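Remember, it's a predicted structure, so these values are computed and weren't measured experimentally. Within every chain, numbering begins at 1; the chains are lettered A, B, ... in the order of the sequence lines, protein sequences first and strands thereafter.
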There are 2 protein chains.
Amino acid sequence: MSANEGSLIENCARGWCARMMESVAIIGGTGDEGRGLALRWARAGIRVILGSRDAQRAASVAEEIARRAGGAARVEGAENAAAASGSRVVILTIPFEAQAATLKHIQKALQPGAVLISTTVPLAAAVGDRATRVLGVWQGSAAEQAAAFAPEGVKVAGAFHNVSAALLESDHEVECDAIICTDDAEAREAAAELARAIPGVRAVDGGALENCRIVEQITALLITVNIRNKVKHAGIRITGI
Amino acid sequence: MSANEGSLIENCARGWCARMMESVAIIGGTGDEGRGLALRWARAGIRVILGSRDAQRAASVAEEIARRAGGAARVEGAENAAAASGSRVVILTIPFEAQAATLKHIQKALQPGAVLISTTVPLAAAVGDRATRVLGVWQGSAAEQAAAFAPEGVKVAGAFHNVSAALLESDHEVECDAIICTDDAEAREAAAELARAIPGVRAVDGGALENCRIVEQITALLITVNIRNKVKHAGIRITGI
């Protein structure tokens with residue numbers, strides 16, 4: 001156990017986890033993946049702040065998700081930077097082609113010490129090629145690009161890349177692991193908490209942030225598997241753990 | 001269904017599959033992955049020709065595997081080129097650093113129209129870096145490199161990358177999919193037959209050969225998962241198909 005992990009467990013005992021999870025901001029949250037995650041987390045009782053470039057669109061999608069989630073679901077909409085400023089945990093669900101620009105836009109809004117979780121996959125569809133292929137990213141992966149554009153002190157993880165957006169938005173059980181890659185123990189714990197909040201999603205420790213280079217690409221492979229097998233919600237499970 | 005697939009089904013009806021599977025050559029078969037696959041296929045009743053640079057070593061490992069497989073297991077040893085010349089289906093289980101040289105060596109021995117299945121992963125361990133990382137391969141993947149070094153008419157697939165060698169060699173049930181990537185219907189069918197011959201291994205259509213770029217890398221991720229979770233046989237299952 002690293003010193004970082006030791007202090008994390010102490011922090012959790014002092015309510016760190018609960019404070020971290022007071023709310024989750026989803027940047028680009030009106031897209032498919034964002035809406036799906038918002039719906040599932042709202043159902044789990046987590047307060048969700050849905051970000052969009054257009055605050056009005058964010059508000060209307062948030063209202064729709066709250067209605068679908070039912071009960072005491074708490075989902076609000078906000079412009080992306082406003083959404084980012086309001087939460088200790090910020091999820092990026094933006095297409096790869098917009099990730100860097102969006103991060104520059106929300107950079108100053110992020111709280112010091114915030115956890116930033118990238119779900120983005122650099123699909124070659126970003127440049128008009130196929131969604132079954134990926135682009136080479138200078139930093140190694142979309143998550144490492146996010147880390148490069150994040151302010152110092154922000155803790156970056158990659159997760160939820162392989163969980164089908166359509167499945168999250170449906171009422172079906174999710175059958176997919178969230179492989180979490182990060183160099184920070186708090187970011188790992190936050191991502192794992194969010195994974196466990198979705199029935200059928202299991203948090204798997206995928207090691208260092210650089211391993212997002214592999215995990216992101218698995219999504220492109222799953223798109224191939226969907227096409228070749230005429231299914232819609234292919235996912236993955238790690239076996240033997 | 002492509003014309004190729006149509007004729008494949010006809011060919012199968014005429015006993016093509018059975019002829020293809022008369023024997024399987026495993027090049028570099030005295031290594032961990034080769035021994036494990038040989039054991040499982042021998043148990044399934046498939047005749048295995050185990051290749052090695054050293055014919056004597058091949059013979060002694062073949063004898064040991066035949067004993068472990070029991071019953072009427074047929075396992076023989078041979079020098080790599082001799083092994084390659086004797087089978088319509090040839091499996092490459094050599095470390096990445098030796099793949100190109102080995103292919104040059106067996107090139108002329110391969111039968112016209114043979115199926116060549118690469119299981120090789122370009123782990124960065126090949127150049128003294130970690131086994132949790134991969135090398136960039138000029139052709140895109142180890143399997144595409146194999147295709148570049150194979151004689152014209154040889155049908156190349158990638159498969160079995162993610163199946164733990166240690167698990168194959170053990171008496172435990174295998175719990176892992178074989179994701180098959182190829183541009184050739186006969187190569188896909190041969191790889192799928194070999195996958196189905198191992199209890200617990202499922203053949204999954206992973207699309208074109210170029211998708212080996214992703215499937216090979218998953219092995220490096222599974223090595224991380226093994227380390228981080230203190231297990232030995234992490235594997236993957238595709239869900240939702």
Side-chain angles (χ1 to χ4, degrees), chain A residues 121 124 129-130 132-134 136 140-141 161-164 166-167 170 172-177 179-182 188 200-241, chain B residues 121 124 129-130 132-134 136 140-141 161-164 166-167 170 172-177 179-182 188 200-241:
Chain A
V121 176
D129 196 346
R130 300 182 191 174
T132 56
R133 294 173 174 161
V134 291
S141 62
H161 306 98
N162 310 139
V163 186
S164 153
L167 193 54
S170 77
H172 296 289
E173 168 91 4
V174 180
E175 196 188 348
C176 190
D177 289 344
I179 302 175
I180 301 165
C181 304
T182 176
R188 187 179 306 284
V201 175
R202 198 174 54 154
V204 172
D205 184 342
L209 187 67
E210 66 182 25
N211 292 337
C212 282
R213 296 171 195 190
I214 304 174
V215 179
E216 291 173 4
Q217 294 191 33
I218 292 174
T219 303
L221 180 69
L222 293 174
I223 293 170
T224 291
V225 169
N226 276 337
I227 295 168
R228 302 280 310 190
N229 294 276
K230 299 186 177 61
V231 297
K232 285 183 175 169
H233 308 311
I236 65 155
R237 283 271 190 239
I238 301 293
T239 60
I241 53 171
Chain B
V121 176
D129 197 347
R130 300 183 190 172
T132 55
R133 293 173 175 162
V134 291
S141 62
H161 305 96
N162 311 139
V163 185
S164 154
L167 193 54
S170 77
H172 295 290
E173 167 92 4
V174 180
E175 196 188 347
C176 190
D177 289 344
I179 303 175
I180 300 165
C181 304
T182 176
R188 186 180 306 285
V201 175
R202 197 174 53 155
V204 172
D205 185 341
L209 187 67
E210 67 181 24
N211 293 336
C212 282
R213 296 172 194 190
I214 304 174
V215 179
E216 291 173 4
Q217 294 191 33
I218 293 174
T219 302
L221 180 69
L222 292 174
I223 293 171
T224 291
V225 169
N226 277 337
I227 296 168
R228 302 281 309 191
N229 293 276
K230 299 185 178 63
V231 297
K232 285 183 177 169
H233 308 312
I236 66 155
R237 281 270 190 241
I238 301 293
T239 61
I241 54 171

What pair of heavy atoms forms the shortest contact from B/A234 to A/I241, and how long is it? CB-CG2, 4.5 Å

For B/V225 and A/D205, what are the C-alpha separation, side-chain angles and deciding distance, and is it a side chain to side chain contact (heavy atoms under 4.5 Å, CB included)? CA-CA 7 Å; B/V225 169; A/D205 184 342; over 6 Å; no

What residue in B/D177, B/I218, B/V215 has the most heavy-atom pairs under 4.5 Å with chain A? B/I218

Are the side chain of B/T224 and the backbone of A/G207 linked by a donor-acceptor contact shorter than 3.5 Å? no

Which residue out of B/L221, B/V134, B/I179 racks up the most heavy-atom pairs below 4.5 Å with chain A? B/L221

Heavy-atom contact with chain B under 4.5 Å, split by part of A/I227: neither

Go through the steps for A/R133 and B/R213 under the test side chain to side chain contact (heavy atoms under 4.5 Å, CB included), then give the verdict. CA-CA 10 Å; A/R133 294 173 174 161; B/R213 296 172 194 190; over 6 Å; no

Rounded to the nearest 0.5 Å, the CZ atom of A/R188 sits from the CZ atom of B/R228 at a distance of 4.5 Å

Please state whether the side chain, the backbone, both or neither of A/T132 comes within less than 4.5 Å of a heavy atom of chain B. backbone

Bottom line for A/L167: the part with an atom under 4.5 Å from chain B's heavy atoms is neither

Give me the atom names and distance for the closest heavy-atom approach of A/T239 to B/R237. CG2-CG, 3.6 Å

Residues A/I214 and B/Q217: closest non-hydrogen pair is CD1-O, 3.4 Å

Between A/N229 and chain B, which part of the residue has a heavy atom less than 4.5 Å away: side chain, backbone, both or neither? side chain

